[in-house]
Trainee: 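I'd like to ask some things about the structure below.
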Amino acid sequence: MRGRGAMLAAMLVAALAGTARAETPPTAAPPSEMATIVDTAAGGSAGSALGAARPRPSVPTAAFFVLKRVNGEDLRTGIDASLAASRGLGRSMRVVLPEHSVKAGKSTLRLLASVVHAVPIESMFARSSGFVAEGEIEVDLKAGVRYRVTGALDDFKREVWLEEEATGWMVGKKIVQSPSPEAMAAMATADRYTCCNLRYDGDWISDNNFIGQPFIPAGSRVKVAGWGRKRVHVNIEGRTMSAGPDSDFEPLTREQFADRIFVKEDPKTKVEGYSPEVQQAIVSGRVLAGMTREQVVMAIGFPRADRTEGGLGGKRWVYSLAEEGDEFDLDFDGDGKLVAVNASSRVRRSVVHNP
């Protein structure tokens, strides 16, 4: 059921490869003094939407991450270019992404992340229409370097930032759109916290814990709002979500599952006592050799109970990835320290932290 949201998101992202480009006229400065900033887009109507450097034409809706303004001067964004290119195409939107030439050096940039529909009236009924983040950052651009605007737009995250295209390093600060004041006021009575980095699909948190899905950071505040037949409804940092046991990995009631992932003590207190390298790994949702079992859980959540002999005390933990059929496992020594990540090089790049 919940996999349909991830499947639709994957189909949309898969449909977005190889795009038309629209060039923003460069300033009067010579090319050797210029930097390039690229708008990006990805499927945006279901699940998470992450910026992609090479989207493709013809999607009904997309999440755009664009450069809107440079030093007070408005630009023609990927949203403007795509809507103009899509006139007369009905429910199909041709994605066009500008490459902006910006003079190197210090600049004030205004970034925008927004979900856009090919048919504007559909935005009146789509949940994703409220997924927006916008703000300004101060940067020092390097001549000859390509940057891209990227971010995350989904049920939990509304974020946009600038990063170097080649390295993925963030430049300036991340712009985060907070929930409404009313939603945040409701968190004043929150009495639980997320135990660890919790993977989610849209507004759903399950025991599937597929690595590769976006995650809610460990220590996020949680308020229980109600109960369904096999789920608990919660408010997490002002976002409405639901959670429950969704597989046969481990027979848990809704209450047992809620108590395992929504804890009474803030795990950030423990995290602050870890080494800087372990803290960085947990924040990034990755593991690091030498981590304890507790630290691994905080970073990537609980392993597959049906595939992990000995439970949480076992020497080998097995995890599943969002891609169906993909798995990897972790080995612990006699002292309970992580000693090996048994995975392909592709999986290791997304799972192992390299400080």
Side-chain angles (χ1 to χ4, degrees), residues 2-3 5-18 40 42-43 47-56 148 150 152 154 163-170 196-201 206-218 246-250 277-278 280-312 314-333 336-355:
R2 291 284 166 177
M7 183 179 295
L8 178 56
M11 290 173 64
L12 284 168
V13 173
L16 297 171
T40 66
S48 86
L50 298 179
R54 298 177 2 130
R56 169 176 292 170
R148 65 183 177 189
T150 188
D154 57 32
E163 66 183 27
E164 290 188 4
E165 190 173 72
T167 65
W169 293 340
M170 188 170 67
C196 40
N197 293 332
L198 292 180
R199 308 285 170 170
Y200 64 96
D201 175 12
S206 82
D207 55 345
N208 284 319
N209 188 34
F210 289 131
I211 308 302
Q213 291 179 333
F215 62 84
I216 300 167
D246 202 26
S247 69
D248 297 325
F249 296 164
E250 189 171 12
E277 293 78 14
V278 170
Q280 292 169 10
I282 292 173
V283 168
S284 68
R286 290 174 166 84
V287 297
L288 186 69
M291 273 184 160
T292 65
R293 290 185 174 93
E294 179 182 60
Q295 293 167 347
V296 169
V297 168
M298 286 190 183
I300 61 174
F302 293 93
R304 286 273 300 264
D306 62 328
R307 301 291 307 279
T308 301
E309 295 184 9
L312 296 181
K315 290 189 174 182
R316 172 165 289 186
W317 287 9
V318 179
Y319 288 84
S320 294
L321 277 76
E323 295 85 356
E324 187 176 355
D326 272 354
E327 291 184 350
F328 68 93
D329 51 73
L330 310 180
D331 287 342
F332 295 88
D333 63 16
K337 300 292 184 65
L338 178 63
V339 293
V341 178
N342 305 305
S344 67
S345 57
R346 177 183 61 83
V347 172
R348 288 180 61 86
R349 284 195 294 271
S350 61
V351 172
V352 178
H353 177 64
N354 292 307

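Scope of the values below: all heavy atoms of this structure, side chains included, with no hydrogens, waters or symmetry mates.
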Trainee: Tell me if a side-chain donor or acceptor on S320 pairs with a main-chain N or O of F210 at a distance below 3.5 Å.
Mentor: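 Not at all, since once roles are kept as given, no pair shorter than 3.5 Å links the two residues.
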Trainee: Checking the side chain of N197 only, and the main-chain atoms of I282 only, is there a donor and an acceptor separated by less than 3.5 Å?
Mentor: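 Yes.
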Trainee: Answer yes or no: is there a side-chain heavy-atom contact under 4.5 Å between W169 and E164?
Mentor: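 Sidechains of E164 and W169: in contact.
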Trainee: Output yes when a side-chain donor or acceptor of R316 lies under 3.5 Å from a complementary backbone atom of D329, and no otherwise.
Mentor: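 No; zero donor-acceptor contacts below 3.5 Å.
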Trainee: Would you name the heavy atoms of E327 and V318 that are closest together and state the gap between them?
Mentor: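 Closest approach of E327 to V318: OE1-CG1, 3.7 Å.
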Trainee: Assess the residue pair Q213 and D154 against the criterion (side chain to side chain contact (heavy atoms under 4.5 Å, CB included)); give the C-alpha distance rounded to whole Å, side-chain angles, the decisive distance to 0.1 Å, and a yes or no.
Mentor: CA-CA 12 Å; Q213 291 179 333; D154 57 32; over 6 Å; no
Trainee: Considering only heavy atoms from C-beta outward, does the side chain of T150 approach that of E163 to under 4.5 Å?
Mentor: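 Yes, at least one pair of side-chain atoms sits under 4.5 Å.
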Trainee: Taking the side chain as everything from C-beta on, heavy atoms only, tell me whether L330 gets closer than 4.5 Å to M291.
Mentor: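 Result no, sub-4.5 Å side-chain heavy-atom pair not found.
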Trainee: Can you check whether C196 reaches L198 side chain to side chain, under 4.5 Å on heavy atoms?
Mentor: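 The answer is yes, as the side chains (C-beta and beyond) meet within the 4.5 Å cut-off.
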Trainee: Does any non-hydrogen side-chain atom of Y319 lie less than 4.5 Å from one of V296?
Mentor: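 Heavy-atom side-chain distance check passes, below 4.5 Å.
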Trainee: List the steps, then state whether side chain to side chain contact (heavy atoms under 4.5 Å, CB included) holds for L288 with L338.
Mentor: CA-CA 7 Å; L288 186 69; L338 178 63; over 6 Å; no
Trainee: Check whether any side-chain heavy atom of R286 sits under 4.5 Å from a side-chain heavy atom of I300, and report yes or no.
Mentor: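 Result no, sub-4.5 Å side-chain heavy-atom pair not found.
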Trainee: With side chains defined as the heavy atoms from C-beta onward, is the minimum distance between F332 and T292 less than 4.5 Å?
Mentor: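 SC-SC contact between F332 and T292 ruled out.
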Trainee: Find the distance between CG (N209) and CD1 (I211) and round it off to the nearest 0.5 Å.
Mentor: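 Those atoms lie 4.5 Å apart.
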Trainee: How far apart are the closest heavy atoms of F215 and V283, and which atoms are they?
Mentor: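 Looks like CZ-O, 3.6 Å.
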Trainee: Would you say the side-chain atoms of D331 pair up with the backbone N or O of A340, donor to acceptor, closer than 3.5 Å?
Mentor: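 Answer holds: no.
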Trainee: Does any non-hydrogen side-chain atom of R348 lie less than 4.5 Å from one of F328?
Mentor: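 No, too far: nothing below the 4.5 Å cut-off.
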Trainee: Could you pull out the closest heavy-atom pair between G212 and R199, with the gap in Å?
Mentor: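 Shortest heavy-atom separation between G212 and R199 comes out as N-NH1, 3.7 Å.
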Trainee: If you count every heavy atom of other residues, nucleotides or ligands that lies below 6.0 Å from R293 atom CZ, does the total exceed 12?
Mentor: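 Yes, because the 6.0 Å sphere around CZ of R293 holds more than 12 heavy atoms from other groups.
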Trainee: Is the backbone N or O of A281 less than 3.5 Å from a side-chain atom of S284, with the two atoms forming a donor-acceptor pair by type?
Mentor: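 It does hold such a pair.
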